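One structure is given here, and the rest of the page talks about it.
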Amino acid sequence: MGTMVPDTRNFDAILGAIANEVTPLFGEGNVASYIPALARIAPDQFGIALRTADGREYAAGSARTPFSIQSISKVFTLSLAMQQVGESLWDRIGREPSGDPYNSLVQLEREQGVPRNPFINAGAIAVADRLVTRFSDPKREVLRFVSELCDQEVSYDEEVAASEARTGFRNIALANFIKSFGKLDNPVEQVLDLYFHQCALSLSCLQLARACTYLCQDGRNSLRGEQVLSDRQARRVNALMLTCGTYDAAGEFAFRIGMPSKSGVGGGIIAVLPDRLSLCVWSPGLGSSGNSIAGMRALELFVEKTRLSVF
Ligand code: GLN
């Protein structure tokens with residue numbers, strides 16, 4: 001078990017300074033226009049929230065504005081599947097960084113329909129398949145799980161889910177591809193319905209910082225006093241976030257930031273410092289690998305100012 005380290009830094013001042021310093025980056029990058037409902041989001045928004053292991057919370061900017069969490073949801077569906085399915089989950093999903101974009105098809109052909117890791121789209125689709133098998137109403141279970149994690153009722157943005165279902169041609173291709181290797185047990189439409197909905201979960205930075213407490217507290221959700229995962233499982237999720245959470249920028253993230261992180265094309269990034277704190281940043285402008293530009297800079301500034309990192 002890790003020990004909790006009370007942190008006496010002035011996080012209010014630090015988060016406020018970060019929010020100011022990233023302002024010049026607004027307008028850089030592009031919002032995720034391949035999902036039409038996300039193309040309309042104003043790019044000049046920024047939020048940051050932090051929750052310490054001893055339960056103190058800090059926020060700056062639009063930390064209470066809900067946004068589309070997109071691939072950040074892959075951390076939660078993986079955690080639910082680890083909790084519910086156990087070790088056999090890994091029969092059809094790898095644990096290596098891909099070095100390729102999140103929606104790439106190339107490795108899947110070479111590696112016979114076994115996605116490299118659970119955080120690229122193909123891997124998350126394979127995880128969704130296991131949840132569809134496990135639950136009669138998987139969308140409701142995912143919603144319940146995430147709501148319990150942040151101890152607040154959250155919801156799917158049905159417009160975003162429908163928008164992606166209409167235009168998610170690469171994800172439809174990925175699911176069919178996995179199916180062609182006999183490695184998807186359920187109908188493609190059912191699996192993608194869950195996948196598109198999990199991506200369309202709407203949460204704020206503060207809710208996401210709360211939802212991640214189990215990842216910095218040995219698998220225990222401190223808001224509800226519930227053990228979500230075992231200590232070992234939580235550490236494994238963190239290991240995967242560090243190596244695979246930001247796709248082909250995972251090396252750059254480890255180099256510049258040094259925290260297990262998971263990004264989404266809605267512009268959010270969660271980051272975890274085991275035994276210390278969980279953190280979420282959000283700004284919709286994305287760089288070429290689909291990670292928020294201002295969000296990534298904010299995390300880098302956080303590490304510079306606090307000298308906190310896992311290294
Ligand atoms: N829903 C998005 C997609 O499947 C998620 C990708 C992401 O956030 N990186 O393309």
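Each ligand, and each atom within it, is numbered from 1 in the order the structure gives. Fair warning: this is a prediction, and the values are worked out from it, not measured in the lab.
Counting heavy atoms closer than 4.0 Å to ligand 1, residue S71 contributes atoms from both its backbone and its side chain. Residue F196 does not touch ligand 1, judged by heavy-atom distances below 4.0 Å. At a heavy-atom cutoff of 4.0 Å, ligand 1 is contacted by both the backbone and the side chain of V265. The residue R170 has no part lying near ligand 1, judged by heavy-atom distances below 4.0 Å.
Side-chain polar atoms of N291 and E252 form no donor-acceptor pair below 3.5 angstrom. Side-chain atoms of Q45 and S62 include no donor-acceptor pair closer than 3.5 Å. Side chains of Y102 and S263: no donor on one and acceptor on the other come within 3.5 Å. Between the side chains of S202 and D157, no donor-acceptor pair is found at a separation under 3.5 Å. When only modelled atom types and interatomic distance are considered, R130 and S88 share a side-chain donor-acceptor pair under 3.5 Å.
Every atom of ligand 1 is numbered from 1 in the order shown, and the set under 4.0 Å from a heavy atom of Y247 is 7 (C), 9 (N). Atoms of ligand 1 lying under 4.0 Å from at least one heavy atom of C199, given by number and element, are 1 (N). Annotation for ligand 1: atoms under 4.0 Å from non-hydrogen atoms of G264 are 8 (O). Close contacts between ligand 1 and N121 involve ligand atoms 3 (C), 4 (O), 6 (C), 10 (O) [criterion: under 4.0 Å to a heavy atom]. The Y34 neighbourhood of ligand 1 comprises atoms 2 (C), 3 (C), 6 (C), 10 (O), with distances under 4.0 Å to a heavy atom of that residue. Taking every non-hydrogen atom of N171 and a distance limit under 4.0 Å, the qualifying atoms of ligand 1 come out as 3 (C), 4 (O), 10 (O).
Salt bridge present: E57 and R210 bring a charged side-chain N and a carboxylate O closer than 4.0 Å.
Partners of C216 under the side chain to side chain contact (heavy atoms under 4.5 Å, CB included) rule, at least two apart in sequence or in another chain, are V272, S278. Looking at residues two or more places apart in sequence or on another chain, you find a side chain to side chain donor-acceptor pair (under 3.5 Å) between E159 and R40.
At the top of the distance list for atom 3 (C) of ligand 1, counting protein heavy atoms only, stands E164 OE2, 3.1 Å. When only non-hydrogen protein atoms are considered, atom 1 (N) of ligand 1 lies nearest to Q70 OE1, 2.5 Å.
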